[in-house]
Amino acid sequence: MTPGKWLGVLFLMPATLFVVVFFLSPVLLTAVFAFTSMSTATGVGEGGYLITPSTLHRLAERGMDRSTAESLGATTYLVNPETLSRARAAGVAAATLDELGQRHAGKSFDGRRGFERALKSLNNRPRSVRALKQAARHFETSVLNRTFGQREDLLAALAASGVRLSDEDRERLVDASYTGWTWTTDNLRRMFGTADTAQVLANTLIYVFVTLILFNTGFALVLAITTFYLPTTEAAVFRGIWFLPRITPPVLYVLLWKWFAWDTGFLSTVLGWFGVASRNWMLDTAFNAWVFVVLINGFVGASMGMIIFSSAIRAIPEPLFWASEVDGASRWQQVRRIILPQLRWPILFVTSYQTLSLLTSFEYILLATDGGPGSTTEVWSLAAYHTALNNYAGNLQYGYGAALALVLVIIGVVLSLLYLRIFNFDALVARPRIET
Amino acid sequence: MRILIENFTKRFGADTVIDAMNLEVADGEMLALLGPSGCGKSTTLFAVCGLHVVDDGRILFGDEDVTGWSPQRRNVGVVFQSYALYPHMNVFDNVAFPLQVKREPGPAIRRRVSEITAMLEIEHLLERLPAHLSGGQQQRVALARALIRRPGVLLLDEPLANLDARLRLDMRSEIRRLQRETGITAILVTHDQVEAMSMCDRIAIMDRGHVHQIASPADMYRNPVSTFVAGFLGNPPIAFLSGRVRGGRFWLDGSTAGIDLPGGCEALEDGREIRLGVRPEHVRPADSGPLSGKVSFVETHGRENLYDVTLNGGQVLRSIQPVRGDIAPGQTVHCRLDTDKLLVFDREGTRL
Amino acid sequence: MPRARGSGIIVALLAAASAPLVLMYVFLVIETVGEAPPGQLLPDGFTLENWRFLWEDLPGKANIWAVTLNTFIFASATTVIVLAVSSTAGYALSRINLPFRAYFLAGVLVLHAFPTVTLIIAIFLVLQMIGLYNTLTGVILVKASLELPLGIWIMKGFYDTVPWEIEMAGVQDGASRFTVWRRLILPQVTPGILALGVFSFLAGWSEFILPQVLAPDNKVQVLSVYLAGLIADDYDLNFALFKSIGLFYVIPVVILYLFFQDKLMNIYGGGTKG
Ligand SMILES: Nc1ncnc2c1ncn2[C@@H]1O[C@H](COP(=O)(O)OP(=O)(O)OP(=O)(O)O)[C@@H](O)[C@H]1O
Ligand SMILES: [Mg+2]
């Protein structure tokens with residue numbers, strides 16, 4: 001290694017670090033998370049063990065013996081050194097406890113009644129009914145609604161509870177009571193199995209292709225060609241106008257569209273003059289919502305194509321145009337015979353690039369319709385966002401969201417590799433001329 | 001400082017661009033690397049200055065093996081074809097840069113800069129940016145920058161290619177003067193044979209990664225080792241005639257004319273195919289003789305005229321003559337050749 | 001070429017297509033200082049009522065100046081990181097003969113075209129795990145990383161245009177590669193650094209999704225999240241107020257755009273997200 005190469009390694013280090021930590025590891029983690037059941041309920045850290053009535057209910061439905069389930073759910077009263085000292089610490093009279101310990105040590109009572117009777121029958125029984133009930137509480141033992149940090153703790157508690165469980169039932173109970181996340185392929189099954197997915201997929205295809213054809217490529221071409229034929233000032237004005245959405249922050253840009261379409265906004269006001277009832281044009285029907293989703297994204301997307309096509313057209317040698325003018329070709333013929341053929345590669349580039357961009361962008365839709373009305377404009381990336389990061393139900397399903405994102409990640413990698421091939425990557429890697 | 005290149009081999013991927021090249025440049029000598037485009041001149045130069053890694057062989061400065069040395073350590077001054085002046089620095093900073101990176105004290109730098117710029121007659125330009133200099137001035141700045149560290153070796157990669165014809169003439173002698181004055185060992189890369197012949201002590205002529213011949217300009221002109229060398233040197237270029245040996249004479253293909261061979265060539269066996277190199281200045285008009293043809297082209301150079309004569313049988317001979325009005329295109333002429341100046345090559349182009 | 005022929009029709013058609021945009025941007029300005037009764041578009045009075053957010057906090061919202069400061073810190077820190085890292089990595093990839101260089105370059109290109117938002121779920125979880133959730137630092141690091149592939153690619157492009165001879169001459173003059181970079185090459189790519197800097201600043205200034213997801217807290221809120229939150233919370237949509245905040249928000253963008261128009265066009269045209 002020469003000093004020059006060390007410098008190269010040093011210079012690449014920060015970039016590599018950033019990219020690995022915040023780029024590659026998220027890619028890998030997306031793939032990992034996609035196979036987990038992570039959600040708000042499970043948390044992302046390690047979980048504990050918790051048996052709730054609903055856990056028992058579920059297990060009973062799945063075939064656990066009903067009486068076992070009931071006895072697990074029941075509260076028992078145990079007299080042992082542990083419960084005794086617990087009661088003592090809570091301030092129950094020592095005499096009561098001593099006597100209880102002598103007479104009933106090691107016994108267990110199935111139910112409050114029986115235990116309270118035993119307490120009453122003591123010589124040193126608690127004075128009042130209230131004191132009696134409070135004292136009884138300290139001897140309650142139940143595995144229900146207690147969180148155990150470790151599997152062993154739960155097993156010990158189960159053993160102590162005195163409920164007899166078959167090995168199989170115990171396994172099932174422990175698994176079902178785990179509150180952390182687990183490995184699973186349910187996410188993929190769910191993704192490929194539900195009708196929602198089909199709907200979202202259809203939405204995505206409509207969104208991507210309609211926007212792409214109408215605006216990102218189509219209207220971009222129109223803009224580039226028409227401004228080419230305009231005098232420079234007019235051309236600059238129009239290019240400037242169409243560049244505005246690109247530099248306007250998305251939040252503000254979508255706000256402007258909302259103003260345009262909302263029931264107190266521009267369209268309603270103007271149409272109101274003609275007697276049309278005011279309404280929210282953006283969200284009142286699914287069709288309108290789609291129109292606005294396409295317009296909002298398209299008005300932003302047209303500028304990239306416009307810039308690329310414009311410079312490609314300007315790169316066409318002028319004599320080609322002179323020749324066709326001499327031949328008496330019309331504008332339209334000029335566009336078809338000279339401009340469009342020269343734009344083949346730029347069009348391919350913009351189309352492929354924007355396909356990927358549109359496929360994965362959801363910012364504008366999120367801000368505009370948020371997938372509504374209903375979920376008629378919910379596209380794939382937005383669905384992933386909603387599932388994992390933001391929804392009304394409040395249960396964020398990180399695992400399932402990651403599975404949805406993983407599909408996009410895979411499409412992204414495949415498409416970008418494909419583009420590298422199409423657009424001749426090798427040409428970009430010239431050999432450095434200083435070799436040391 | 002002597003430069004010795006031993007068995008130097010350079011590959012780019014699978015292409016071997018230079019294969020086991022050997023070259024020695026004597027101390028204080030100026031050597032031209034001459035050859036057509038793409039023959040590996042720049043590659044050789046870059047290996048000498050250390051920018052390219054040598055795939056095989058060694059490079060020595062004096063007796064020191066510098067093959068593994070970094071460019072920074074080699075102390076080589078280089079003038080690039082595009083001059084490569086630093087566009088954001090003025091002339092002073094450009095010239096001073098090599099000393100600044102050596103962290104020499106300011107006053108010493110200033111003294112040295114004024115010395116070298118005076119030598120190159122650019123001391124009045126110190127404040128200018130390179131963009132505001134003429135081509136010739138830029139060239140001088142580049143030379144000053146290359147020389148300021150008193151390098152042991154000066155390498156020039158087509159230094160005159162970007163200048164107009166007049167300036168090129170001036171700079172030719174200027175560079176040669178500097179090289180003589182400083183006594184520096186220099187390698188000049190060029191594909192212009194006039195430049196090579198007029199500026200250098202010796203010429204190494206290259207083709208496709210091989211050195212064909214190393215000799216002084218005059219020697220090389222008179223005694224080329226191959227048709228390639230003979231064809232490369234000389235303007236107007238040499239003409240080649242192909243034919244066979246019979247009875248110690250040369251018989252032109254497609255013609256009945258026999259030509260005497262120069263001394264030393266009588267022993268060639270009969271029937272051997274050879275090529276005869278004839279320089280234009282060795283072809284003279286004659287009243288009669290076996291060699292005759294039609295004048296197919298006339299070009300005047302002012303003091304001289306160049307004639308192309310298409311011989312019977314279709315081969316072309318070139319002749320340069322003091323300007324005269326009596327020969328016109330289409331006319332049939334007889335030619336006489338200076339027998340002892342003729343160059344004889346075998347079919348593959350090697351000198352016999 | 002007689003370009004003017006028939007351009008009247010073209011202008012009319014283009015103007016019609018551009019009308020919504022023009023209207024939106026014109027009314028963005030008008031409405032912030034105009035008083036228009038309901039059902040009327042053009043204002044008949046002047047008011048600064050909509051700008052009151054500048055001197056009094058909106059109920060339940062963070063202070064606008066604190067939010068602006070956050071936004072500025074976010075955008076400039078991102079820019080600094082992007083510039084520092086891209087200008088070094090871009091140089092190494094453009095100029096230094098490293099093994100695996102081609103793979104690095106391919107990697108950068110793939111990442112450049114790569115859908116970054118798809119990573120946000122994983123990033124969200126990573127930040128929670130390493131404790132950078134709801135901090136400006138976290139979201140700055142993430143934003144900078146996601147901008148890096150483009151930055152590196154752009155800088156590499158700029159370095160590629162610097163003649164090799166300058167670099168070779170520097171090395172021959174005895175300078176180390178670092179000195180060559182620092183004193184000879186870097187000054188040649190200042191236009192690139194400037195363009196990339198402005199671009200990154202604008203990208204940071206406008207960014208919404210990342211801060212929204214990774215740093216939504218009032219204390220670290222940026223303008224985009226602030227404005228979006230305001231819009232989401234208000235059922236009546238007080239457009240005049242929103243637009244005033246929006247205009248306040250967009251002013252730096254407009255200024256930068258006006259100054260660096262051509263440079264920006266180049267970068268946006270070079271193919272970015274959107
Ligand atoms: N970096 C490189 N990668 C691959 N091949 C190269 C590289 N540099 C030079 N070559 C090849 O090596 C051969 C010699 O190149 P070089 O630049 O030395 O030629 P040259 O004699 O200087 O020509 P010119 O007079 O045109 O400058 C050429 O065939 C060229 O294509
Ligand atoms: Mg060369």
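Order of the sequence lines fixes the chain letters, A, B, ..., with proteins taken first and strands second; residue numbering starts at 1 for each chain. For the numbers below, each heavy atom of this structure counts, side chains included, while hydrogens, waters and symmetry mates do not.
Using the six-membered ring where Trp is involved, W181(C) and F11(A) have ring planes that are perpendicular, over 60° apart on the 30 and 60° scheme.
Residue Q212(C) touches chain A through its side chain alone, counting heavy-atom pairs closer than 4.5 Å. The part of L389(A) that comes within reach of chain C is its side chain, from C-beta onward, which places non-hydrogen atoms under 4.5 angstrom from that chain. Heavy atoms of A17(C) lying under 4.5 Å from chain A belong to its backbone as well as its side chain. Both the backbone and the side chain of V9(A) come within contact range of chain C, each with at least one heavy atom under 4.5 Å from a heavy atom of that chain. Looking at V171(C), the atoms closer than 4.5 Å to chain A (heavy atoms on both sides) all sit in the side chain, from C-beta outward. Only the side chain of T16(A) comes within contact range of chain C, with heavy atoms under 4.5 Å apart. Contact annotation for I434(A): both backbone and side-chain heavy atoms come within less than 4.5 Å of a heavy atom of chain C. Heavy atoms closer than 4.5 Å to chain C are found nowhere in L406(A), neither backbone nor side chain. In this structure, no portion of M306(A) lies under 4.5 Å from any heavy atom of chain C. The contact between I81(C) and chain A is made entirely by side chain atoms (from C-beta outward), counting heavy-atom distances below 4.5 Å. Looking at P14(A), the atoms closer than 4.5 Å to chain C (heavy atoms on both sides) sit in the backbone and in the side chain alike.
Listed by chain and residue number, I9(C) satisfy the side-chain contact (heavy atoms from CB on, under 4.5 Å) test with L13(C) (two or more places apart in sequence, or in another chain).
The greatest number of non-hydrogen atom pairs below 4.5 Å with chain A, out of L148(C), V126(C), V254(C), I231(C), is found for I231(C). Ranking I152(C), L256(C), V250(C) against chain A, the residue ahead of the rest is V250(C), based on heavy-atom pairs under 4.5 Å.
Taking 4.5 Å as the limit, some side-chain heavy atom of I185(C) sits within range of a side-chain heavy atom of I166(C).
Tested against W257(A), the residues W262(A), F299(A), F266(A) include a single ring pair (Phe, Tyr, Trp, His ring centres under 6.0 Å) partner, F299(A).
Within the structure, no pair that satisfies the salt bridge (charged side-chain N to carboxylate O under 4.0 Å, His left out) test touches residues 396-406 of chain A, not counting sequence neighbours.
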